[in-house]
Amino acid sequence: MSTETSIAVTEPDALQGSALAGTGSAEPTLRIRPTKGWAALNLRELWSYRDLLWILVERNIKVIYKQTAIGMAWVALQPLIAAIVLAIIAGRVAKLPSDGTPHLLFVFSGLAIWNYFSQTAQRSSTSLINNAQLVSKVYFPRMLIPLSHTFSTLVDFAVTLVMLFVFMAIYHVAPTLRLFAIPGFLFLTAITATGVALWFSALSVKYRDTSYALPLLLQIWFWASAILYPSSMIESPRWQTLFALNPVVGFVEGFRWCVLGRSALTPTMLWITIGMSLFALVSGAFFFRRVERDFADII
């Protein structure tokens, strides 16, 4: 019996043999076969294993902060220190604009959504390798392992969001009804991060050097996104359209629009971000399904 598949079929020969032998009714033989070519996503199977997903999410949260001196405080300290340093560099040294908002608030709002994206991608990229024994010995939808990090990192984002609201109060930025749009841009961030995570988690099983490539890619991605500077610095509409092909730009500007009430977000940028986010998720999911049949043999 192969454990690397999600296709289960009933063997009619076993049933016929039992009937001819006169042994009465017999339970069908369950054979798990590997998929061939491009496999369907099988969302129904993912839904049937949803209890396992929440168990993995809870385990991820416990493992990350287990045996730490200050625990969840690291979630607040990391973006806070990074935002202070980057705000000094962007505002005092580089003299970059901030769309009329304080540099610390401007940078922190960009880091809040970026950290959720980067942490989800980084933690998921090695998730299959870290769970090698589970992958090789037990059958379940392998996609649940990287998906669990998409949900567990929401805890970090919630802590960062509370800190952002504190900064809004300090700088006297009044909340508006635009805050209700945060879940929409968070959803775009989550599906983009999940798509990237599915690509790299699947590749890392065969190519272990992806664990070195992804941090480098995320560093380049950070500087290529509008986190320290606003997209309004790009005046040419053509270049703005090309810049929007980076989905991070869209949900960073969208998140600032929700929190600060102003950003360089345009309808064109929003639609491009939605399209690129869906492309990242769908392509990552289909690629993951195609190569997961070999995970137990390689890992």
Side-chain angles (χ1 to χ4, degrees), residues 65 70-121 153-190 192-193 218-219 221-235 240 243-244 246-270 273 277:
Y65 301 106
I70 58 176
M72 294 292 292
W74 285 114
V75 181
L77 286 176
Q78 289 177 345
L80 177 61
I81 296 173
I84 293 174
V85 173
L86 292 174
I88 294 173
I89 295 174
R92 299 293 181 87
V93 179
K95 304 294 183 180
L96 295 175
S98 59
D99 282 345
T101 60
H103 269 95
L104 182 58
L105 184 59
F106 178 85
V107 172
F108 193 84
S109 61
L111 281 178
I113 199 71
W114 165 260
N115 283 343
Y116 172 69
F117 171 79
S118 61
Q119 288 174 2
T120 300
T153 47
L154 286 173
V155 176
D156 296 5
F157 176 78
V159 175
T160 308
L161 190 62
V162 171
M163 290 186 60
L164 181 59
F165 289 153
V166 172
F167 276 116
M168 291 174 62
I170 293 174
Y171 286 104
H172 304 289
V173 176
T176 65
L177 293 177
R178 295 180 178 182
L179 292 176
F180 289 103
I182 288 179
F185 289 103
L186 180 61
F187 178 72
L188 288 178
T189 310
T192 308
L218 289 175
Q219 287 182 10
W221 208 334
F222 173 85
W223 296 107
S225 306
I227 297 173
L228 296 185
Y229 53 88
S231 300
S232 57
M233 291 182 64
I234 304 174
E235 298 179 356
Q240 280 189 350
F243 195 52
N246 176 4
V248 177
V249 175
F251 54 70
V252 166
E253 290 291 351
F255 188 74
R256 283 187 177 133
W257 177 82
C258 298
V259 175
L260 305 178
R262 65 185 75 180
S263 75
L265 183 70
T266 63
T268 301
M269 182 184 296
L270 177 61
T273 301
S277 300

Closest non-hydrogen atom pair between [X] and [Y], with its separation:
| X | Y | result |
| --- | --- | --- |
| R256 | G110 | NH2-CA, 3.7 Å |
| A264 | D99 | N-OD2, 4.4 Å |
| S109 | F106 | OG-O, 2.7 Å |
| Y229 | A224 | OH-C, 3.6 Å |
| I234 | Q240 | O-NE2, 2.6 Å |
| V249 | M269 | CG1-SD, 4.2 Å |

**Message:** Using the side chain to side chain contact (heavy atoms under 4.5 Å, CB included) criterion, which residues pair with T160? Sequence neighbours excluded.
**Reply:** V75, P79, F108, A112

**Request:** Report the C-alpha distance between L228 and W223 in whole Å, list the side-chain angles of each, state the deciding distance to 0.1 Å, and finish with yes or no for side-chain contact (heavy atoms from CB on, under 4.5 Å).
**Result:** CA-CA 8 Å; L228 296 185; W223 296 107; 3.1 Å; yes

**Request:** Run the numbers on V173 and L105 for side-chain contact (heavy atoms from CB on, under 4.5 Å), then give the verdict.
**Result:** CA-CA 10 Å; V173 176; L105 184 59; 3.5 Å; yes

Hey, what do you get for [atom1] ([X]) to [atom2] ([Y]), rounding to the nearest 0.5 Å?
| X | Y | atom1 | atom2 | result |
| --- | --- | --- | --- | --- |
| T189 | I113 | OG1 | CD1 | 3.5 Å |
| L80 | L164 | CG | CG | 11.5 Å |
| I81 | L111 | CD1 | CG | 12.5 Å |
| Y116 | L186 | OH | CG | 5.5 Å |
| W221 | N246 | CH2 | CG | 6.5 Å |
| L154 | L161 | CG | CG | 11.0 Å |

**Prompt:** Can you tell me if E253 and S231 form a side-chain donor-acceptor pair at under 3.5 Å?
**Reply:**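 Present: a donor and an acceptor within the cut-off.
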
Listed by chain and number, what are the side-chain hydrogen bond (donor to acceptor under 3.5 Å, both in side chains) partners of [X], not counting sequence neighbours?
| X | result |
| --- | --- |
| T192 | S277 |
| S118 | none |
| T273 | none |

**Prompt:** Considering residues, nucleotides and ligands other than F187, do more than 12 of their heavy atoms fall under 6.0 Å from its CZ?
**Reply:**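 Check fails, neighbour count at 12 or below.
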
**Request:** Take the angle between the ring planes of W114 and F117 and call it parallel below 30°, perpendicular above 60°, tilted in between.
**Result:**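 Because their plane-to-plane angle lies in the 30° to 60° range, the rings of W114 and F117 count as tilted.
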
Donor-acceptor list for residues 176-185 side chains, cut-off 3.5 Å, not counting sequence neighbours:
from, atom 1, to, atom 2, distance (Å)
T176, OG1, R178, N, 3.3
R178, NH1, G261, O, 2.4

**Asked** Between F165 and M168, does a side-chain contact (heavy atoms from CB on, under 4.5 Å) hold up when you go through it step by step?
**Response** CA-CA 5 Å; F165 289 153; M168 291 174 62; 3.6 Å; yes

Give every donor-acceptor pair under 3.5 Å between a side-chain atom in residues 87-94 and any protein atom, sequence neighbours left out.
none

